[in-house]
There are 2 protein chains.
Amino acid sequence: MPIEQGVSPRGRSSARRGISEATVARLPIYHRVLTSMADRGVTTVSSEELAVASGVSSAKLRKDLSHLGSYGTRGVGYEVDYLVYQIARELGLTQDWPVVIIGIGNLGHALAGYGGFASRGFRVVGLLDSDPARVGEQLGQEPTGLAIRPLSDLEDVVRTTDASIGVIATPAIAAQGVCDRLVAAGVTSILNFAPVVLNTPDGVDVRKVDLATELQILAFHEQRKSDARMRA
Amino acid sequence: MPIEQGVSPRGRSSARRGISEATVARLPIYHRVLTSMADRGVTTVSSEELAVASGVSSAKLRKDLSHLGSYGTRGVGYEVDYLVYQIARELGLTQDWPVVIIGIGNLGHALAGYGGFASRGFRVVGLLDSDPARVGEQLGQEPTGLAIRPLSDLEDVVRTTDASIGVIATPAIAAQGVCDRLVAAGVTSILNFAPVVLNTPDGVDVRKVDLATELQILAFHEQRKSDARMRA
DNA sequence: TAGATTGTTAATCGATTAACAATC
DNA sequence: TAGATTGTTAATCGATTAACAATC
């Protein structure tokens, strides 16, 4: 019996090093597609089926999944429930993540009410806004609802809720200041919707969602297509 | 004088082939950073300065810009205004792009009111929702405002406005159907906020913005960091 | 056993980086 | 001319793909 692959030195096989960013970015897609399959009563899926449903090639899918471990059965495929669980564990969805949202304008409002968070273990535990007129406003239904608190409560909210993830939905001008305060209060992951490049120390992860950028990329390709039509 | 680089066979040098997706995705960032510099009265910028402000390496920045043409001056840097214009032209921001938004819930509402669109040539020309209670609602101020129209008007709106970009902000269940109708009506670029993998024919570009996915990627890294702290 | 499908390898492709000649 | 900085090259790195041996 050849030792093809040493047993991980750590308890959890998934904790091996070297799962690439590109793979991590696709895992949530697989997770969602698999969850929806499970809901429809599908119990087993092949890499080909899952790949098509996820919009990737089956080779890429198998390669991605192989980073988590050997969870398929040759000649058969993957057990949907088991794979959902393994991906969730890899992504850290088996634990609860307290999230604070700063800037409760139109967008912050929409984010606070987004159902897709809670169902994946993200618990919105704080809503902050600098506008005194907005402070105190209650979002959501009473039992689970949350009141908007003044921005000055930021440090307090982060510490009492032990939130490690902050969502910035403020105007651009306020974003860096809020970011600095979040980091100082102990937040180490930031999802940024403000159209600015945030400066953060090492060890803090920032992901940026930029609506204008997305449209601009589409416009670029739209222009290409329009040029191509022109030539034809 | 050696012919190092043939003149493009097309009128516009920027229309050369082979500008990579990775580069295209960064151009909007450069464009925004440069615009903000111009607003502050900066007239000239070096690749090093622009790179730092954009959060990339200067080598990457110069490589990216070199795909557009030779718009810098050795020993000096880049003229801010000129570079802004060249990037805008490359991205197709020098023309107007009519955009329709489908699904005017919290998120669609926020998108419709987002100022970052108009300032970059994206004109929201249609708002559609399937909820009769919402139809007729006026968004924005009177002169520029827009009324929500019934979903059944989709084809009509796309055709009369000649929109080639559609934004889907509907619930997941409705997204594919709306997508199919948009494509049938002639839309060739789609920005999808619904948490589903859309199926589209070749030639249609889809970009997906997925809030839950972004948080899940952060959670993955957060878990890693927490593991690392545990071990320390 | 025969058929199916995984997990992995090796080849390919593409993007990033470092370094520097060109040139202002 | 001396100093600065671009544009480009070549090396490196990482991700994707195709193919197939392993194995259910």
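Order of the sequence lines sets the chain letters (A, B, ...), proteins ahead of strands, with each chain counted from 1. Every value quoted in this text rests on a predicted model; they were computed, and no experiment measured them. We use all heavy atoms of the structure for the numbers below, so side chains are in, but hydrogens, waters and symmetry mates are not.
- No option in A/Lys225, A/His221, A/Arg224 other than A/Lys225 meets the side chain to side chain donor-acceptor pair (under 3.5 Å) test with B/Asp205.
- Residue B/Gly75 is the one, among A/Arg26 and B/Gly75, whose nearest nucleotide of DNA chain D lies closer to the 5' end (criterion: closest heavy atom).
- Put simply, CD1 on B/Ile19 is 12 Å from P on C/dT16, counting in whole angstrom units.
- The ring-ring contact (aromatic ring centres under 6.0 Å, His included) check on A/Phe220 picks up nothing, with sequence neighbours excluded.
- Of the candidates A/Leu154, A/Asn192, A/Ile190, A/Leu128, A/Val178 forms a side-chain contact (heavy atoms from CB on, under 4.5 Å) with just one, namely A/Leu154.
- In this model, a side-chain donor or acceptor of A/Arg74 finds a partner on the base of C/dT6 within 3.5 Å.
- Atoms OH (A/Tyr71) and C1' (D/dC24) sit 19 Å apart, rounded to a whole Å.
- Of all the heavy atoms in B/Pro195 and A/Tyr114, the pair that sits closest is CG-OH, 3.8 Å.
- Taking 4.0 angstrom as the limit, A/Tyr78 places none of its side-chain polar atoms (N or O) nearer than this to OP1 or OP2 of C/dA4.
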Query - Intra- and inter-strand pairs of DNA chain C in dot-bracket (Watson-Crick or G-U wobble, both distances under 3.5 Å; | for another strand) - result: ..||||||||||||||||||||||
What are the atom names and distances for every N/O pair under 3.5 Å that joins the protein to nucleotides 17-19 of chain D?
residue	atom	partner	partner atom	Å
D/dA19	N6	A/Arg62	NH2	3.4

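- In this model, the phosphate group of D/dG14 is not approached by any side-chain N or O of A/Ser20 to a distance below 4.0 Å at OP1 or OP2.
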